[in-house]
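Here's the structure we're looking at; comments come further down.
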Amino acid sequence: MSMDRRFFLVLLLAGCADTSPQGPLTPLAPPPPPPPPPMPGNAADPATPVPPGELAFDTWLADFRIRAQAAGLSEALLTRELGGVIPDPKVISLDGRQPEFSKPVGDYVRGVISDDRIAVGRAKRESLSFLPDIEARYGVPRDILLAVWAMESAFGKLQGNFDVVRSMVSLAADGRRRGWAEGELIAALKIIDSGEVTREQLKGSWAGAMGQTQFLPSNYRTVAVDADGDGRRDIWGSDVDSLASAANLLVKGGWKPGVGWADEVILPEGFDYGLAEGPREVPAWWEAKGVRRADGLPWSAADAAAPAGLILPAGATGPAFLALPNHFAIRKYNNSTSYALGIGLLADRFAGAGPLVAAWPVEQPLSLADRMAAQIALARLGFDPGPPDGVIGAGSRKALRAWQQSRQLPADGYLSMDMVLRLKTQAGLS
């Protein structure tokens, strides 16, 4: 879907203010036709045609109310909470905005693991008396929970102040992610209907993530917990409820108590980088291929029995990791390799670990044009990466890996500026 389409509704809404009344008619002019009947969404001036954007929104809203009632919401609730609501142009703009430059993973991780954040996390690790109880109940280490807390809301300080209902209305009406947004809107309305949280309290990020641990409304309904026993699941004001809820979400996402999240490894010379993001085998299988833990320590019994997959976040020149099952549980919270690495590495530092053995490479950020050009080049060369959207996901990495193998290059699937230039040259895009 084009960016023009995503901004269509915003521009139409903004253009409504430019409509001016018709000037006076001359005496000799024929009498004007009778004014048209009032149209939905334009009660202030029924003689003025309704802008198409408003018609589209009113049509969507009427249809949504039918679906919401079928989901168990009352007409009275829908009238109270959706009456007068209009899309938020800022939400639609933020949803359609793709960063012009993609931050290299090394820069991202260095930003996550700051000295200040480590110091705050270590202090909270020692001072928060409720952490051992949460850890014992859910089997999620306190350091992982502290890292989630740090990453999601700066330990509760930055939670967002958007009206979640209006944000979900905006995203659903815009249409790019309508099914998902309508589901979250219904969940938010059901939270209000339950009386547990008021509309005024239902605040979060522009995309609807709420509270100290940034739960979507559907997650709040299904996995938030009342850990402090006050009768409310308060992920906005209660540290205990917030971290216990995060632990419960990770458990629901497949967290395995006693198993690690990942370990840095050293790869032997001549290693087949094409195994990255491939098989998940026990560490002994990888050791038979020459893979060794970077810290030289043995695997714990639980980790030795767990399937692990190789990830190369910065390609063949950066740190390598064997990702254990809990790495993928973290990605159920946020499906990003960089995010999961940030959580795990920050948690390790809270627990007293030192920096990685291998250094993150210093890289040039890739522009959106660079990323799209690489995808177009791969497609021209017969390696299908999917639509050229500038998002270098699993499909693009798989295509890049296949192209690298065809050129006898290290098949790490990592898009660097060098790879962009090579692809553009071979595909005749330079």
Side-chain angles (χ1 to χ4, degrees), residues 99-114 117 147 151 260-280 286 289-295 308-324 327-328 330-331 334-349 353-368 370-371 373-375 378 385 390-405 407 409-423:
E100 174 60 25
F101 288 94
S102 175
K103 179 181 289 189
V105 63
D107 290 352
Y108 174 87
V109 171
R110 281 189 288 266
V112 166
I113 307 174
S114 66
R117 185 172 278 171
M151 292 271 284
W261 72 275
D263 279 291
E264 185 187 7
V265 293
I266 303 298
L267 306 179
E269 187 174 350
F271 183 78
D272 178 8
Y273 293 103
L275 293 172
E277 294 187 286
R280 296 186 193 178
W286 294 100
K289 297 185 178 301
V291 176
R292 296 289 183 269
R293 280 182 57 147
D295 58 13
L310 178 68
I311 56 174
L312 303 171
T317 62
F321 302 86
L322 279 188
L324 294 157
H327 166 85
F328 301 98
I330 296 171
R331 285 172 61 171
N334 181 322
N335 190 24
S336 160
T337 301
S338 296
Y339 176 86
L341 279 171
I343 293 292
L345 292 172
L346 186 58
D348 288 350
R349 296 299 295 273
L356 296 173
V357 171
W360 293 103
V362 177
E363 300 179 86
Q364 177 180 343
L366 298 180
S367 70
L368 178 59
D370 290 331
R371 303 192 304 272
Q375 291 171 321
L378 284 166
V391 178
I392 307 303
S396 294
R397 292 194 297 271
K398 181 179 179 181
L400 177 57
R401 195 173 290 115
W403 174 78
Q404 288 170 325
Q405 287 174 330
R407 303 293 294 174
L409 297 169
D412 56 13
Y414 185 68
L415 187 65
S416 62
M417 180 55 72
D418 178 58
M419 289 297 107
V420 171
L421 296 175
R422 288 173 182 251
L423 283 165

> Step by step, would you call V265 with W286 a side-chain contact (heavy atoms from CB on, under 4.5 Å)?
Replying inline: CA-CA 10 Å; V265 293; W286 294 100; over 6 Å; no
> Should D348 and W261 be marked as a side-chain contact (heavy atoms from CB on, under 4.5 Å) after you check the CA-CA gap, both sets of side-chain angles, and the distance that decides it?
Replying inline: CA-CA 10 Å; D348 288 350; W261 72 275; 3.3 Å; yes
>> Is there a side-chain contact (heavy atoms from CB on, under 4.5 Å) between L267 and L310? Walk through the geometry before answering.
In response: CA-CA 10 Å; L267 306 179; L310 178 68; 4.1 Å; yes
> Can L345 and V112 be said to form a side-chain contact (heavy atoms from CB on, under 4.5 Å), step by step?
Replying inline: CA-CA 9 Å; L345 292 172; V112 166; over 6 Å; no
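Every residue meeting the salt bridge (charged side-chain N to carboxylate O under 4.0 Å, His left out) condition with R422, not counting sequence neighbours, appears here in chain and number order: D418. For the salt bridge (charged side-chain N to carboxylate O under 4.0 Å, His left out) test, residues two or more places apart in sequence or in another chain that qualify with D295 are R293. The side chain to side chain donor-acceptor pair (under 3.5 Å) search around Q375 returns D389, S396, not counting sequence neighbours. Residues that satisfy the side chain to side chain donor-acceptor pair (under 3.5 Å) test with R117, not counting sequence neighbours, are absent from this structure. R407 meets the salt bridge (charged side-chain N to carboxylate O under 4.0 Å, His left out) test with no other residue; sequence neighbours excluded. R110 pairs by the side chain to side chain donor-acceptor pair (under 3.5 Å) definition with D107, not counting sequence neighbours.
Atom CZ of R280 sits in a sparse spot, with 12 or fewer heavy atoms from other residues, nucleotides or ligands closer than 6.0 Å.
Across E363 and P104, no two heavy atoms sit closer than the pair OE2-CB, 3.7 Å. Pairing each heavy atom of I392 with each of L415, the nearest pair is CD1-CD2, 3.7 Å. Closest non-hydrogen pair, M417 versus P365, comes out as CE-O, 4.5 Å. For the pair L324 and G260, the tightest heavy-atom approach, listed with the atom from each and the gap, is CB-O, 3.5 Å. The heavy-atom pair separating L341 from P313 by the smallest distance is CD1-CG, 3.2 Å. Considering all non-hydrogen atoms of both residues, G274 and Q405 come closest at CA-NE2, 4.2 Å.
In this structure, Q404 CD and Y273 OH are separated by 11.5 Å, a value rounded to the nearest 0.5 Å. Here L400 contributes atom CG and R397 contributes atom CZ; the two are 10.0 Å apart, rounded to the nearest 0.5 Å. The structure places OG of S416 at 8.5 Å from CG of L421, a figure rounded to the nearest 0.5 Å.
Looking at heavy atoms from C-beta onward, K289 lies in side-chain contact with L275 at the 4.5 angstrom threshold. Inter-residue side-chain proximity for E277 and K398 is flagged as unmet; no heavy-atom pair is nearer than 4.5 Å. For the pair F271/V291, a side-chain contact is recorded, criterion being any heavy-atom separation below 4.5 Å from C-beta on. In this structure the side chain of E100 reaches within 4.5 angstrom of the side chain of S367, judged on heavy atoms. Residues T337 and I311 meet the side-chain proximity criterion, which asks for heavy atoms closer than 4.5 Å. Side chains of L378 and W403 form a contact here, defined as non-hydrogen atoms less than 4.5 Å apart.
Judged by distance alone, the side chain of E264 and the main-chain N or O of V357 form a donor-acceptor pair under 3.5 Å. Remark: the backbone N or O of A316 is paired with a side-chain donor or acceptor of D412 at under 3.5 angstrom.
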